[in-house]
Enquirer: 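My questions will all concern the structure given below.
Hydrogens, waters and symmetry mates play no part in the numbers below; they use all other heavy atoms, side chains included. Note that the numbering runs from 1 along the sequence shown for the chain.
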Amino acid sequence: MPQLTKLLLEQQELTLSARYSVRIDRTIVIEPLRRLTEDTFRNVLNQKERVHNIAIMNADSASIEKYEGPFRFCRMNGILIFKPMA
């Protein structure tokens, strides 16, 4: 699983160490290596019900992967999940 160092949700930048994967249906799953605080989750959830642009900075290379949404954001057991909206 590749690792990321920065996650950009539209204009908001989150610096975190995490593993991520992008599924065939374009669902993005991010598993933080360190547990994120509840405040961080609340800030993201309260500000972003829908995310239109996601950019991931890969830790292995200096590349940035961009994904066009809109995506629905949720979390499950500390894992961040961005599901594409139909």
Enquirer: Once rounded to the nearest 0.5 Å, what's the spacing between atom OG1 of Thr5 and atom CG of Asn58?
Expert: 7.5 Å

Enquirer: Taking transitive links into account, so neighbours of neighbours count too, which hydrophobic residues share a cluster with Ile64 at under 4.5 Å side-chain distance?
Expert: Met57

Enquirer: State which residues pass side chain to side chain donor-acceptor pair (under 3.5 Å) with Asn53; sequence neighbours excluded, sorted by chain then number.
Expert: none

Enquirer: Can you sort out the partners of Asp25 under side chain to side chain donor-acceptor pair (under 3.5 Å), two or more places apart, ordered by chain and number?
Expert: Thr27

Enquirer: Of all residues at least two apart in sequence or in a different chain, which pass the side-chain contact (heavy atoms from CB on, under 4.5 Å) check with Leu33?
Expert: Gln3, Ser17, Arg19

Enquirer: What heavy-atom pair brings Ala18 and Pro32 nearest, and what distance separates the two atoms?
Expert: CB-CA, 3.6 Å

Enquirer: Same hydrophobic cluster for Ile81 and Leu8, using side-chain heavy-atom links shorter than 4.5 Å among ILVMFWY?
Expert: no

Enquirer: Roughly how far apart are Ile54 CD1 and Tyr67 OH, rounded to 0.5 Å?
Expert: 9.0 Å

Enquirer: Supply the atom-to-atom distance Leu4 CG to Leu14 CG, rounded to the nearest 0.5 angstrom.
Expert: 10.0 Å

Enquirer: Nearest heavy-atom pair of Ile28 and Val22: which atoms, and what distance?
Expert: CG1-CG2, 4.2 Å

Enquirer: Angle between ring planes, Phe73 versus Phe82, binned at 30° and 60°: parallel, tilted or perpendicular?
Expert: tilted

Enquirer: Do Glu10 and His52 touch side chain to side chain, with heavy atoms closer than 4.5 Å?
Expert: yes

Enquirer: Within the structure provided, determine whether Val29 and Ile79 are in side-chain contact (heavy-atom separation under 4.5 Å).
Expert: yes

Enquirer: With a cutoff of under 4.5 Å between side-chain heavy atoms, which Ile, Leu, Val, Met, Phe, Trp and Tyr residues group with Met85?
Expert: none

Enquirer: Just by modelled atom types, is the Leu7 backbone N or O under 3.5 Å from a matching donor or acceptor in the Glu13 side chain?
Expert: no

Enquirer: More than 12 non-hydrogen atoms from neighbouring residues, nucleotides or ligands closer than 6.0 Å to CZ on Arg26, yes or no?
Expert: yes

Enquirer: With sequence neighbours excluded, what pairs up with Glu65 under the salt bridge (Lys or Arg N to Asp or Glu O under 4.0 Å) test?
Expert: none

Enquirer: With rounding to the nearest 0.5 angstrom, report the CZ to CZ distance, Arg50 to Arg72.
Expert: 9.5 Å

